[in-house]
Amino acid sequence: MLLNSKDFLEIKQLTVPEIELILSTAESLKEISQRDIKKVPTLRGKTIINLFYEVSTRTRTSFEIAGKRMSADVVNISTNSSSVLKGEGLKDTACNLEAMKPDIIVIRHPAPGAPHMLASLLDCSVINAGDGAHEHPTQAMLDLLTIREKKGDIAGLQVAIVGDITHSRVARSNIWALTKMGAKVTVVGPKTLIPPYIEQLGVSVSYRLAEVIPKADVLMILRIQLERQHGGFFPSLREYSKLFGLNLEKLKAAKTDVLIMHPGPINRGVELDPEVADGPYSVILEQVTNGLAVRMALIYLLLGGVDI
Amino acid sequence: MKLLICGGRVIDPAQGLDRVLDVLVEKGRIAQLSPDIDPPTGAKLIPAQGKLVVPGLIDMHTHLREPGREDKETISSGTKAAVNGGITSVACMANTNPVNDNQAVTEFIYSQARKTGHCNVYVVGSVTQGQQGKLLVEMGELKATGAVAYSDDGCSVKNTEVMRRALEYASMLDMLVICHCQDADLAPQGVMHEGLISTMLGLEGMPALAEETMLARDISLAALTGARLHIAHVSTAGSVELIRQAKARGIKLSAEATPHHFSLTHEVVRNFDTNTKVNPPLRTAEDVAAIIEGLKDGTIDVIASDHAPHTSAEKEAEYNYAPFGIIGLETLLPLSLTRLVHSKAMPLMDVIARLTINPARILSLDKGTLNVGAEADITIIDLDKRFKLDIAGFKSKSKNSPFQGAELQGLPVLTLVGGKLNTSEY
Amino acid sequence: MDKAAVDKALEHISRQIIQQHKGIDNLGLVGIRTKGRYLAQLIASRIKQHQGVELPVGTIDTSLYRDDVSVTPNRPILCTTQVPFAVADKKVILVDDVLYTGRTIRAALDALMDLGRSRAIELAVLIDRGHRELPIKADYVGCEIPTTVDETIKLIIDEGLKHYKVVKLKDPTAKKW
Ligand SMILES: [Zn+2]
């Protein structure tokens, strides 16, 4: 059993068996991180380049540790898009990196489709670590893994994704992932941050968090980008927090086994109150742990394997 | 030099003509048009049996890039591409570098076209200085230098007051103003049509609304000022309806559509191919159907290419960073024939009219007909020839087209510009 | 090899283990992947019958320790490495179904060592089919079956450990690697 592509670019085109394979492989690999010696030699001599055009310490570190636990050599290239715009184009950068014969390039980029462009130019595998508002497929995989661990089966669950859906790659990847696995997804947020035709992706839309909370099995809270306020998408953070932030008071209406998830980093007191983030329903740290396992699984599945 | 084009099916919408005739060309002009002309001594015979003989096509919306971006296209290469595509006259837009907002640039383009051009070139000057939307260009002076219209194509004149003055002034000169209707505030970072696909891809959308609100404003201004207004590259169903209503109210208005806007939808953006990035963007199937309907009922008068060459280095970029635009001179005719004629959407005569006499009348050019005495701009077409498009053979300097490999039917085989022969290669 | 023959071989291995270790103090069994674990469980239950003591049984997946990652296009679904006893200072007996090139055992040794420093490691296999590529020898062998390289030997066993047999297949696609 293999993934169908040399690259891992989006959940959109993934099949359910592929998702299952990644999840079960990740589950098997979790054990390695619990050992004293947290390293297996399987990818000795393989090179992974983390090419990050946006600052993201969490995701980059997660990929870096994932590679290192599998004994791959991991190189980080961090840059920001402004220096890239005036300097070398992505195509030139890609060709330069290819000349160094990496096995995987992990790319984070502010422009949707940048990983696709890289993948079409290069022979090596490309993993999308987030491309603009398009997709963040490893985030969705780690969210699936976390939900499956806590809830057993994903099919039939009611999942609410709350926040800025328009600009969220996490929302898009999770909508694909959750609907493929049979969950019922509701996106919740101010009307100005719900993109047009989103219902055609098989989700419901709500503008009232209070109506969604009681029936949700999972509340996936998105980070609100503070600069959206200045884009005129909502009047103030204060009002956003009042209408769409999750606090203990609102959570009283929730199911007793509800899961609170957040892709991080959290704006405490804006979209999520500290008591909720650190409370008993929160699985935010499990998400981080599972992120490592999912990324190890992907790296392993993309780079050759064995048949016994 | 005498030329006799024998046995072709002559279609000249200006005269309502569609029959098998011989065409005699003498001294660069059409000398005779009748059945079975006896070849004069020394005349070169051009057999055209089974072919269409139509007036040379006129593309009223091209970007030749010279002066300023000769790496993308020059007047020489652009006009060569035009002729290869069966086009004998082009009107070139003002967004060169420097912007064509003065006599010197207009003169330069005309002199360059005389020296290096392969077809007739007509110059469109800008509406405002530097296309900045603030101060009017010297419209009278530009007209005297030979400009055929004014346009800030690429964007709209944002300030309504400035646009009003521009239309008033242009109408005083009886000159045409061509509008690229788009409210920039409604699509500041947009790179594609706002709809299901933009939502799926996370790309910033350009709503149909951005075109329609600006179009509604410009129609009101045209009604107020009595100016002649031409709407460039109509892309939405709502725009077609607005123009239809405005024309019914008697407002002096004409409009054009491009082959890509009646051939492709936003679905093709799915793979992030930057050759699908155009402005206005590719829209929905309903919009495509409405544009074809508009072309059919005469709401849309003209088919134009919006030929916008860009280097491959610029287009081989992230979708957000790639420039808008695709080349179109060499696909204008094949796409029009395939999507409109062979699909039975429109009669052949009407399609030819939108490529010849209609743009000639809108630009007040003495062109676009095969009347005896007219300059011999003639395009000979193989209407039924099926072929697979290969951009490698195009004469344009740039290769940015989403139609590579498309299966098309109907292409130009021979073009006469003022009686001078050119063979098309596809 | 039918079920009776497999049972006979397992009985042979179990008795040898008991004999060799003069009892079963400080001993643990670790099966290689799923089939190895099933065999280890069968051996443990036989030893329990004889000695009345239940040996701890674990599983390791050798996939992550193979020397041929990316040489082959296929890979099995990973199974979780799960050794529920501390291997440090224990004597560990690795259990596998078929001993062939020895490369799996090499990988298993590495995997086991990453889990801790065992007192000693031994190897028990149901079948030795020959064709070694590494200097590895089993301490306990249920049965030797001579084979050619284009054959494969397969243990077929169900999860309930009720039905099992060994079959020999002609495998024209089998590559020697
Ligand atoms: Zn335009």
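Residue numbering restarts at 1 for every chain, and letters A, B, ... go by the order of the sequence lines. Since the structure is predicted, the reported quantities are computational estimates derived from the model, not experimental observations.
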Would you find more than 12 non-hydrogen atoms of other residues, nucleotides or ligands less than 6.0 Å from A/Lys91 atom NZ?
no
With sequence neighbours excluded, what pairs up with B/Lys72 under the salt bridge (charged side-chain N to carboxylate O under 4.0 Å, His left out) test?
B/Glu314
When heavy-atom pairs shorter than 4.5 Å are enumerated against chain A, which of B/Leu203, B/Val191, B/Asn271 gives the highest number?
B/Leu203
Rounded at 0.5 Å granularity, tell me how far CE in B/Met200 sits from CD in A/Glu10.
8.0 Å
Just checking B/Lys134: does its NZ atom have more than 12 heavy atoms from other residues, nucleotides or ligands closer to it than 6.0 angstrom?
no
Quick one: which of A/Pro112, A/Ser120, A/Pro115 gives a side chain to side chain contact (heavy atoms under 4.5 Å, CB included) with B/Phe272?
A/Pro112
For B/Glu318 and A/Met117, the nearest pair of non-hydrogen atoms, with its separation, is N-SD, 3.7 Å
Atom CD of B/Gln189: over 12 foreign heavy atoms under 6.0 Å:
no
Taking it one step at a time, do A/Lys12 and B/Leu201 satisfy side-chain contact (heavy atoms from CB on, under 4.5 Å)?
CA-CA 10 Å; A/Lys12 198 188 303 153; B/Leu201 300 180; 3.5 Å; yes
Show the atom names and distances, to 0.1 Å, of all donor-acceptor pairs under 3.5 Å that link a side chain in residues 196-206 of chain A to residues at least two apart or in another chain.
unit_1: A/Ser206; atom_1: OG; unit_2: A/Arg208; atom_2: N; d: 3.0
unit_1: A/Ser206; atom_1: OG; unit_2: A/Arg208; atom_2: O; d: 3.3

Within residues 168-177 of chain A, contacts to chain B at heavy-atom distances under 4.5 Å involve A/Arg172, A/Trp176
Greatest number of non-hydrogen atom pairs under 4.5 angstrom with chain B, of A/His167, A/His134, A/His116, falls to A/His134
Could you measure the distance from the CD1 atom of A/Ile194 to the OG1 atom of B/Thr199? Nearest 0.5 Å is fine.
10.5 Å
For A/Phe244, the side chain to side chain contact (heavy atoms under 4.5 Å, CB included) test, sequence neighbours excluded, returns A/Val188, A/Pro190, A/Tyr240
